[in-house]
Amino acid sequence: MSPRTPGADLPEHPDLLWHDREPKRSYDVVIVGGGGHGLATAHYLAKDHGITNVAVLEKGWLGGGNMARNTTIIRSNYLWDESSAIYEHSLKLWEGLEEDLGYPILFSQRGVLNLAHTLQDVRDSVRRVEANKLNGVDAEWLDPDEVRKVCPIVNTAGDIRYPVLGATYQPRAGIAKHDYVAWGFARRADEAGIDLIQDCEVTGFTTDGDRVTGVRTTRGDIATGSVALCAAGHTSVLTDLLGIPVPVQSHPLQALVSELLEPVHPTVVMSNAVHVYVSQAHKGELVMGAGVDSYNGYGQRGAFSIIERQMAAAVELFPVFARAHLLRTWGGIVDTSPDASPIVGRTPYENVWLNCGWGTGGFKATPGIGSTLAHTIAHGEPHPLVAPFTLERFVTGALVDEHGAAAVAH
Amino acid sequence: MQLIACPWCGPREEVEFSYGGQAHVPHPAAPADLNDEEWAHYVFFRANPKGRFAERWNHSAGCRRWFNAVRDTATYRFEAVYRLDDPRPVTP
């Protein structure tokens, strides 16, 4: 018997989730940025508006930026009406997203606790709970005993540096598997005929008066009817090419995972005051995020002192983590805005749409901004849910100050 | 840990410093003459380059003095540190 070819008995290669397309010379819509927001926008352009002559241009690989680096927390318990409206819209889409995408995303509504450690925290939290209730967002105020019932491993003793005085609780909040979310959106966009183009960096724009006529890329010039900027931390690099001042600052934001552990953490816990937020992924690793590094940075890495401080906070709040080993740390680049709210909508160019400033909290908005930005592009008019987040607000003064609920100091 | 060279104290660990954002942003010479858009730009809008950036730092856990630095925001490498009243140096 002759020897078998190595690999001959292996199953067929599984079907690809999407195809790696060559750029065409022209599209109706070019989306710059193949992360969660860009891919979701592409999906909803096809699904809700039948617009499929669309390219998503990604300078690296799909979903390889903040989409692969966030801590996957999904919630809608923001203070102001404008914010809770867009985030609640997003949360409702999350609740039907597996069905919509026909793809598992491991969306788990395990609830989120936002801890209060000072009297002012308590007052602010109770106010936010009441505001949430008025906006139809599920929210409760829990005292320390109730916190312990939801999450028994939180240290609610009175003798720690920042004692837990209570927490807000949103039961419908949760986590999802971020990679699967990106792949699910990419697969559906690809099925609809949208070109997903990787390794394609936008290096310039061609303009005619107050319209952009095309984008210059490392893979050639591409003409387009309209442009949506979904580049998160690299937004300023693009808007500088267009000469549009945008008030965002790019910062490194770090996160980390522990080794795989038995299930010990049933929910998501966030603490503004001590700068840590923790959940346990399905696979078993503890996923933790920190506050941003203070300086501007595009390096996708930050200082280890930030990780050290975050670990100190985590071990104080969760003494059971003291023996867990750190497996891996990494950083993303977040585009923070002056009022901790996103900047979405018109630019001085009539066919260029801005989507940035989500800072540390863009993942949870993925389906919400995808659907509303697609609507905005399709109708040439900001969707009512994104209208308050206009760039104009920094001139008019109509800020949406979410520094309290955005949860990560920035 | 990254070392930052304070112009007065010499190289110290990064945790001793705090960040002050973009340098060379003067207070408007005639504040009363500014319109809303100009005020917005003074208050909220700062450069955010990927690459060299002139920025303010404070040696907050050391001599507590402010200084300016030219730093590359992509590599985090400090290319120059200089006093607040000096012009931005030309870096190679």
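Quick note: numbers below take in every heavy atom, side chains included, and nothing from hydrogens, waters or symmetry partners. Chain identifiers are assigned alphabetically (A, B, ...) following the order of the sequence lines, protein sequences preceding nucleic acid strands; residue numbering begins at 1 within each chain.
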ask   = Side chains of A:Pro247 and B:Arg46: does their closest heavy-atom pair fall under 4.5 Å?
value = no
task = Indicate the atoms forming the closest heavy-atom contact of A:Gln249 with B:Ala47, along with that distance.
result = NE2-O, 3.0 Å
ask   = What part of A:Phe394 lies closer than 4.5 angstrom to a heavy atom of chain B: side chain, backbone, both or neither?
value = both
key: NZ or CZ of A:Arg301 within 45° of B:Tyr76 ring axis and under 6.0 Å   = yes
task = Give a yes or no on whether B:Trp8 atom CH2 has more than 12 heavy-atom contacts from other residues, nucleotides or ligands under 6.0 Å away.
result = yes
key: Over 12 non-hydrogen atoms of neighbours within 6.0 angstrom of CZ in B:Arg77   = no
key: Segment of A:Gln300 engaging chain B (4.5 angstrom heavy-atom cut-off)   = backbone
ask   = For atom CD of B:Glu37, is the number of surrounding heavy atoms from other residues, nucleotides or ligands below 6.0 Å larger than 12?
value = no
task = Please indicate whether B:Glu38 has more than 12 foreign heavy atoms, meaning atoms of other residues, nucleotides or ligands, lying under 6.0 Å from its CD.
result = yes
task = Mark yes when over 12 heavy atoms from residues, nucleotides or ligands other than B:Arg88 sit less than 6.0 Å from its CZ; otherwise mark no.
result = yes
ask   = Who wins among B:Phe53, B:Trp39, B:Tyr19, B:Phe17 for the most heavy-atom pairs under 4.5 Å with chain A?
value = B:Tyr19
ask   = Which one, A:Thr235, A:Val248, A:Asn296, leads in non-hydrogen pairs under 4.5 Å with chain B?
value = A:Asn296
ask   = How about B:Lys50 and A:Ser236: do any of their side-chain heavy atoms sit closer than 4.5 Å?
value = no
task = Quick one: pull up CG in B:Asn48 and OG1 in A:Thr336 and give me the separation to the nearest 0.5 Å.
result = 8.0 Å
key: Contact check, side chains of A:Tyr295 and B:Glu14, non-hydrogen atoms, under 4.5 Å   = yes
ask   = CZ of B:Phe45: more than 12 outside heavy atoms within 6.0 angstrom?
value = yes
note = Answer key: most heavy-atom pairs under 4.5 Å with chain A among B:Ala74, B:Gly51, B:Pro49, B:Gly21 is B:Pro49
query = Where do A:Leu399 and B:Phe44 come nearest, in terms of heavy atoms and distance?
reply = CD1-CZ, 3.7 Å
request  = With a 4.5 angstrom heavy-atom cut-off, could you sort out which part of B:Gln2 is near chain A: side chain, backbone, both or neither?
outcome  = neither
